[in-house]
Amino acid sequence: VSAEGGSVAAKPSGSASAQYETLLVTTEDKITTIKLNRPAKKNAITTVMYDEIVTALEQAGKDNSVLTVFTGAGDFYCSGNDLTNFTKIPDGGVELMAKQAGELLRKYVKAYIDFPKPLVAVVNGPAVGISVTALGLFDLVYATERATFHTPFSQLGQSAEGCSSYTFPKIMGNAKASEMLLFNKKLTAAQACDFGLVTEVFPDSSFNSEVWTRLKSYAALPPNSLALSKQLIRSTERERLHAVNDAEVELLVERWTSDECFTAIMNFFQSKAKL
Amino acid sequence: VSAEGGSVAAKPSGSASAQYETLLVTTEDKITTIKLNRPAKKNAITTVMYDEIVTALEQAGKDNSVLTVFTGAGDFYCSGNDLTNFTKIPDGGVELMAKQAGELLRKYVKAYIDFPKPLVAVVNGPAVGISVTALGLFDLVYATERATFHTPFSQLGQSAEGCSSYTFPKIMGNAKASEMLLFNKKLTAAQACDFGLVTEVFPDSSFNSEVWTRLKSYAALPPNSLALSKQLIRSTERERLHAVNDAEVELLVERWTSDECFTAIMNFFQSKAKL
Amino acid sequence: VSAEGGSVAAKPSGSASAQYETLLVTTEDKITTIKLNRPAKKNAITTVMYDEIVTALEQAGKDNSVLTVFTGAGDFYCSGNDLTNFTKIPDGGVELMAKQAGELLRKYVKAYIDFPKPLVAVVNGPAVGISVTALGLFDLVYATERATFHTPFSQLGQSAEGCSSYTFPKIMGNAKASEMLLFNKKLTAAQACDFGLVTEVFPDSSFNSEVWTRLKSYAALPPNSLALSKQLIRSTERERLHAVNDAEVELLVERWTSDECFTAIMNFFQSKAKL
């Protein structure tokens, strides 16, 4: 049994909600943990999972916990958007699919922007795509040395989301941010920490024990002071973040209906099929 | 006699104003130095001292000096807000005290935002609370290797001020800023330099001589060019800084009248009394 | 023959325009390269050269290339504004000269702000003045270890341009930015990379081969995805950048007509004449 809250059965002292198909959500020691639970798929985010995460964030925002932690089951943190989301074309065609995917994405990112308590990412392994870009909306990001940070948007004919077109240049400057967001540069944990995307990196062997010891001590701090301080910091850019989210979604919807993006995603599936 | 301007008597070549109870203010080599002068109290800032610093900044802004330097007497730079400020409850009760303290804070931070010349912090030792957050409003920050940077707001049930809820995320990104502003992380001088809060760190043994040699050469540069360039940089965010100052003060006034903050400060005095 | 496109004659496979007096502009491997071509003058930018660069950027924005690269011929990247620009006083006097120079500068910086594709600086040697400040408007900045970054504005009685009064504090924080922009601090390539102004530094011996191998692979990515992603990032601050450009130009026009600036530039020429 690991320290960060495993399954409901193993954690009788914590509370857990069994309502999720793709997540393990537990509350213990004043910390609500949202754990992506598709380890066989490297925690790739399906349409169902986007919705479940939004619901889990809404509930965590209202429950009695002081901190909310986001992490992944297994060796991966999250491999990003599950590209099979794009293979279920509805009757309305690609345009409708793109529009619906855009609305889902907008709602998903909004849930992070508006989250009212300190939000902590415990990056337990490689992170890809939206799981990386959303880190710019977290308050703390702890990473194992095994973690990597990869946003291969242009490779797939797409563009940046999760407010990263604003947060990444703010955090690390354009010269570093563009190499990630435009040119698919993959960062090591040490680089991501050096660039300011990550708070601290830990050896993999002691990652869980060190991080959770620290988080438990943080969760004992005055809760209103923490929540209001976090909201104060967010208030300096909340409106801006919503506007950036809208602009990013608008561009992505255009991208998803473009030939360039279609071709790039087809190539991705074909190269995967060849492996 | 140290290089940075000691007492009036020891510095016949400079001018000094004896009007201050808590500060040593001298002008020499085109540099006005404001030195916090309560070394026995680690330069904790009392109500009187806030007012005197505002006055000293106003005068330094208007005098013939080219640079203004802020530093501390003794081994500490500044231990932040003197918590005994909260033990003098006026007839109007805690609400009135909080309101008055809020107005004083707003005026204090405003003096930094609107300061018209290059402002340099010579951080001669540990820095705490508002003496750390205000660094985000300085143009240069030189630190001895002995310096530390600590903002234990949530520990005392309080919240960030000095525009740090805006400047710290801008300087170092949310992932580093939140660990300081929400979770009381104390930085070493090297870390603060790495995160961009500090310009450069010097060995303690040569700190004064190296820093003051450099500052004297800077003070020989064309003064209008320096002042106007500083104002140009500030103009890109001056309005934003005033709005952030207002929002921070508003939250702190609420905090100061909260049970959570009262309890946290009582615990602080009790644990101090036990030592 | 170097990899980055030399002269027209040496590069029959690429296209080149011979319309420029001060630049070498070539297009090859989907990359348009604008090379400053006054190596004997360390690529100092004359009035003619400002105009030619604006034209070259306009054409590169419209041609079929995917990336645009900016670099310098010879050992220097660029020594900044050619101060002899200030020695040709028109009939209208210094005021008119300052006004015209201001309009040229505004137009020059605007061309960078509005550039619609990924813009890459290949910093092949020392960079001074506006060639440094404009780097804040690039998407990628690759530097040889021999490069240095120097903005001696106040030394010449002048003030910051190229939107650096906004981009530099954003990239590296005020404490680092002010030492460059106000106090003439010269950065090494490693420092500039550490502060976020530079994407990556390369050994001088392998600089060209490493950088151009990488750029060719980047130029093979989906072009619309790259251009639209770059525009998305820029859109989060485009208006702000234009306002900053205006404010910087306004202050510089004032500076150029000031006694302080006149004296400083005269001193510069006299000290040069003595060498």
Side-chain angles (χ1 to χ4, degrees), chain B residues 66-67 112-113 117-121 123 134-143 149 163 166-173 176-177 192-201 214-241, chain C residues 133 136 151-161 163-185 187 191 194-197 237 240-241 243-265 267-268:
Chain B
V66 175
L67 303 181
Y112 288 90
I113 298 173
K117 299 175 183 178
L119 187 61
V120 182
V123 185
L135 294 176
L137 300 170
F138 279 71
D139 301 294
L140 293 177
V141 180
Y142 294 127
F149 300 85
C163 295
Y166 166 75
T167 60
F168 278 32
K170 182 188 168 191
I171 292 169
M172 61 186 84
K176 311 287 195 199
C193 189
D194 194 35
F195 294 179
L197 187 61
V198 163
T199 307
E200 192 170 338
V201 178
R214 192 177 303 186
L215 291 178
K216 282 172 193 172
S217 75
Y218 287 173
L221 289 164
N224 294 332
S225 178
L226 288 182
L228 294 170
S229 294
K230 183 249 164 81
Q231 291 167 32
L232 175 70
I233 292 174
R234 180 57 42 91
S235 73
T236 66
E237 56 184 7
R238 185 190 301 273
E239 275 181 66
R240 164 67 67 101
L241 290 169
Chain C
T133 56
T151 52
F153 297 123
S154 69
Q155 215 168 293
L156 295 168
Q158 304 192 26
S159 53
E161 21 67 338
C163 295
S164 60
S165 65
Y166 165 75
T167 59
F168 278 34
K170 182 188 169 191
I171 292 169
M172 61 186 82
N174 268 359
K176 311 287 196 199
S178 295
E179 202 167 35
M180 289 189 76
L181 297 178
L182 269 62
F183 299 109
N184 313 298
K185 167 93 168 185
L187 299 190
Q191 286 172 323
D194 193 35
F195 294 179
L197 187 61
E237 56 183 9
R240 165 66 67 101
L241 291 168
V244 169
N245 186 24
D246 288 346
E248 289 177 346
V249 166
E250 192 183 346
L251 177 54
L252 261 175
V253 169
E254 182 276 330
R255 291 279 78 209
W256 287 331
T257 56
S258 70
D259 289 344
E260 196 180 77
C261 179
F262 179 80
T263 306
I265 292 182
N267 288 343
F268 172 83

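If you're wondering where the values come from, they're calculated on a predicted model, not measured in any experiment. Numbers restart at 1 for each chain; the letters A, B, ... are given by sequence-line order, proteins then strands.
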> Identify the two heavy atoms, one from Leu251(C) and one from Leu228(B), that lie closest to each other, and give their separation to 0.1 Å.
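Distance-wise, the nearest heavy atoms are CD2-O, 3.6 Å.
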> Once side-chain contact (heavy atoms from CB on, under 4.5 Å) is applied, do any residues pair with Ile171(C), and if so which ones, sequence neighbours excluded?
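Residues passing side-chain contact (heavy atoms from CB on, under 4.5 Å) with Ile171(C): Thr167(C), Leu197(C).
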> Is Glu260(C) close to Pro223(B) at the side-chain level, that is, under 4.5 Å between some pair of heavy atoms?
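Yes - at least one pair of side-chain heavy atoms lies under 4.5 Å apart.
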> When you measure from the side chain of Arg240(C) to the backbone N and O of Thr236(B), does any donor-acceptor pair fall under 3.5 Å?
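It does hold such a pair.
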> Whether the side chain of Glu179(C) engages the backbone of Thr199(B) through a donor-acceptor N/O pair (distance < 3.5 Å, no angle test) should be reported.
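Side chain of Glu179(C) to backbone of Thr199(B): no pair is present.
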> Got a second to check how far Glu248(C)'s CD is from Ser229(B)'s OG, nearest 0.5 Å?
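Going from the CD atom of Glu248(C) to the OG atom of Ser229(B) covers 9.5 Å.
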> To the nearest 0.5 angstrom, please state how far the CD1 atom of Ile233(B) sits from the OG atom of Ser178(C).
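Those atoms lie 4.5 Å apart.
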> What's the spacing between Leu67(B) CG and Phe183(C) CZ if we round to 0.5 Å?
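Leu67(B) CG to Phe183(C) CZ: 5.0 Å, rounded to 0.5 Å.
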> Between Asn174(C) and Gly136(B), which heavy-atom pair has the shortest distance, and what is it?
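In this case the closest contact between Asn174(C) and Gly136(B) is ND2-O, 4.0 Å.
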> Checking Glu200(B) now: which residues fulfil side-chain hydrogen bond (donor to acceptor under 3.5 Å, both in side chains) with it, not counting sequence neighbours?
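If we apply the side-chain hydrogen bond (donor to acceptor under 3.5 Å, both in side chains) test to Glu200(B), skipping adjacent residues, the hits are Arg214(B).
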> Can you tell which part of Phe195(B) gets under 4.5 Å to a heavy atom of chain C, answering side chain, backbone, both or neither?
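No part of it gets close to chain C.
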> Of the backbone (N, CA, C, O) and the side chain (C-beta and beyond), which part of Glu254(C) lies under 4.5 Å from a heavy atom of chain B, both, or neither?
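Just the side chain, heavy atoms under 4.5 Å.
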> Using side chain to side chain contact (heavy atoms under 4.5 Å, CB included) as the criterion, point out the one residue from Glu237(B), Arg234(B), Lys170(B) that pairs with Pro169(C).
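Single side chain to side chain contact (heavy atoms under 4.5 Å, CB included) partner of Pro169(C) among Glu237(B), Arg234(B), Lys170(B): Lys170(B).
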> Counting heavy-atom pairs closer than 4.5 Å to chain B, which one of Met172(C), Arg255(C), Gln155(C) comes out on top?
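Answer, by heavy-atom pair count under 4.5 Å with chain B: Arg255(C).
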> Do you know which of Ser159(C), Gly157(C), Gly173(C) has the most heavy-atom pairs under 4.5 Å to chain B?
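Of Ser159(C), Gly157(C), Gly173(C), Gly157(C) has the most heavy-atom pairs under 4.5 Å with chain B.
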> Mind checking whether Leu232(B) and Leu181(C) have side chains closer than 4.5 Å, heavy atoms only?
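Leu232(B) does not reach Leu181(C) side chain to side chain.
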> What is the minimum heavy-atom distance between Ser225(B) and Ser154(C), and which atoms define it?
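That would be OG-CA, 3.3 Å.
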> Which heavy-atom pair separates Pro118(B) from Leu182(C) by the least distance, and what is that distance?
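Closest approach of Pro118(B) to Leu182(C), heavy atoms only: CG-CD2, 3.9 Å.
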